[in-house]
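Just so you know, residue 1 is the first one in the sequence shown, and it goes up from there. Heavy atoms only: backbone and side chains are in, while hydrogens, waters and symmetry mates are out.
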Amino acid sequence: MACLGLGAKVSSVYTRGALLTRRTLPNLNIFLSSRSLCTQSQPQLTVRHQENGIRNIILNNPKKRNALSLSMLTSLRSDILADIDNDDLRVIIISAEGPVFSSGHDLKELTSAQGRDYHYQVFQLCSEVMSLIQDIPVPVIAKVNGVATAAGCQLVASCDMAVATEKSTFATPGVNVGLFCSTPAVAIGRAVPRKVAMEMLFTGAPISARDALLHGLVSKVVPEERLEEETMTIARQVCQASRPVVALGKATFYRQMAQGRDAAYATTSRVMVDNLALKDGQEGIRAFLEKRKPVWTNSTEKAHE
């Protein structure tokens, strides 16, 4: 099969968000608009605001421990995908209101009374949101200040980066209530060593933020008073880079991680050449040689074929 040209490759990264917005789940039409779920008597389940290229999404249901109910997942999905292909968006931060980042699924939605079809919708949408975080063209940072369990821990593991406070803890306790954390295991098992993941899954015992850092579940642990500053420092650093270069790099990273070594080197070698053909790729090299700051176009225009 002929390889895609650079424009097609990079454009596919940019349009992935648009493609994802058109994805639907069976029998889930009533849930596709997150804002329609917020009645006058209910708080907005997620809060979104954006400034200087940095989008903050806050899980906003602390009374229910920010449980990832079907409505919460729908709201989170909507906030992630909003204007995802807008060049002004450079990075997303996901945080939470209250002492619990997220307790995972709402167990009230998982009783027999809801039925098998409803249960399937919950896990299908959750899997879509977790995959979406890694499929969109901008990096996603989890900002964790508290407890992250089950699907909440899965959310942290799914993010590209995670900054946590020293008091934060992480667990997959489903086994203790008779529901093994099989879907959280997908993200967690790809973030931490296998035996660490298995101990978390089989015992349900929480691990500390320091252990989470040691095993790769989070990328940085900081005192609570420095959480905002440290997370924003990372976000601002991301904003200084070329958006299409970051998008191409993120997509390639996840693609090559699923490949064998030789295939991964073949993939990344082609992408490095494609990256060099971007105007921003050549601008960065010229700026380095000329000892000046690069001036990015933040476009997918090519400098050469």
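Glu290 has no carboxylate O lying under 4.0 Å from a charged side-chain N of Arg286, or vice versa, which leaves the two without a salt bridge. Classification of Lys143 and Glu230 as a salt-bridged pair fails, no side-chain N sitting under 4.0 Å from a carboxylate O. The pair Glu97-Lys63 does not count as a salt bridge, with every side-chain nitrogen at least 4.0 angstrom from each carboxylate oxygen.
Pairing each heavy atom of Met161 with each of Ile234, the nearest pair is SD-CG2, 3.8 Å. Contact between Pro206 and Ala171 at its shortest, heavy atoms only, is CA-CB, 3.6 Å.
For the residue pair Ser168/Thr165, the side-chain donor-acceptor check at 3.5 Å is satisfied. Judged purely by distance below 3.5 Å, without hydrogens or angles, the side chains of Arg90 and Asn52 never pair a donor atom with an acceptor atom. Inspection of the Gln259 and Thr267 side chains reveals an N or O donor paired with an N or O acceptor under 3.5 Å. Side-chain contact annotation: Asp280 with Ser242, donor-acceptor N/O pair under 3.5 Å present. Side chain to side chain, Glu224 and Asn145 meet the donor-acceptor criterion of an N or O pair below 3.5 Å.
Looking at residues two or more places apart in sequence or on another chain, you find a ring-ring contact (aromatic ring centres under 6.0 Å, His included) between Phe123 and His105. In this view, Phe180 and Phe202 satisfy the ring-ring contact (aromatic ring centres under 6.0 Å, His included) rule, not counting sequence neighbours.
Of the options Leu81, Leu73, Asp79, a side-chain contact (heavy atoms from CB on, under 4.5 Å) to Arg77 is made by Leu81 and by none of the others.
Val218 and Phe101 end up in the same hydrophobic cluster when Ile, Leu, Val, Met, Phe, Trp and Tyr side chains are linked at under 4.5 Å.
The shortest side-chain heavy-atom distance between Ser131 and Asp135 falls under the 4.5 Å cut-off. Taking the side chain as every heavy atom from C-beta outward, Leu89 and Ile84 approach each other to under 4.5 Å. The closest side-chain heavy-atom distance from Gln154 to Thr183 is below 4.5 Å.
The distance from the CD atom of Gln121 to the CD atom of Glu109 is 10.0 Å, given to the nearest 0.5 Å.
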